[in-house]
Amino acid sequence: MTLVRFCRADGTLDKEVQADPGQRLLDVAWAAREPLEGACEGVMACSTCHVLVDAADFAKLPPASEEEEDMLDLAAHAARTSRLACQILLTEEMESLTVRIPPSAANWMGR
Ligand code: FES
């Protein structure tokens, strides 16, 4: 199992949940009723699943694809450790992952 911590925009802890390796972070967030829209359901067209990964955990993730980087360029409140939750697959090796939900999101779907 992987321990996922969701933090609010101000950095305070909102929820800690256990998730199975292989799960998408976006699905874990939806199950935990976190405010991540995921409007395009994972086809990298919206940026509403943008999360800020804790700096200590960022290196646990494989690098973002070029398409993900392009979408992150358009995400609101993007920072050095930004990722799309629809592109993060949990692994056993991660053990834990802490992410912060940004204060707002930009939806680029259909623009
Ligand atoms: Fe739309 Fe991730 S759900 S980019």
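Note that ligands are numbered from 1 as they come in the structure, with each ligand's atoms numbered from 1 the same way.
Taken from NE2 in His50 to CG in Leu74, the straight-line distance is 11.5 Å, to the nearest 0.5 Å.
Within 6.0 Å of CD in Gln18 there are more than 12 heavy atoms belonging to other residues, nucleotides or ligands.
For the pair Leu97 and Val53, the minimum side-chain heavy-atom distance is below 4.5 Å.
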Begin from the C-alpha positions of Lys15 and Glu34 and carry the test salt bridge (charged side-chain N to carboxylate O under 4.0 Å, His left out) through to its verdict.
CA-CA 9 Å; Lys15 264 176 226 127; Glu34 283 294 319; 3.2 Å; yes
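Put simply, Val4 and Phe58 are part of the same group of oily side chains (I, L, V, M, F, W, Y) that touch within less than 4.5 Å, one to the next.
For ligand 1, the 4.0 Å heavy-atom shell contains residues Leu26, Gly38, Cys40, Glu41, Gly42, Met44, Ala45, Cys46, Ser47, Cys49, Cys86.
With hydrogens and angles disregarded, a donor-acceptor distance shorter than 3.5 Å links the side chain of Thr2 to the backbone of Thr91.
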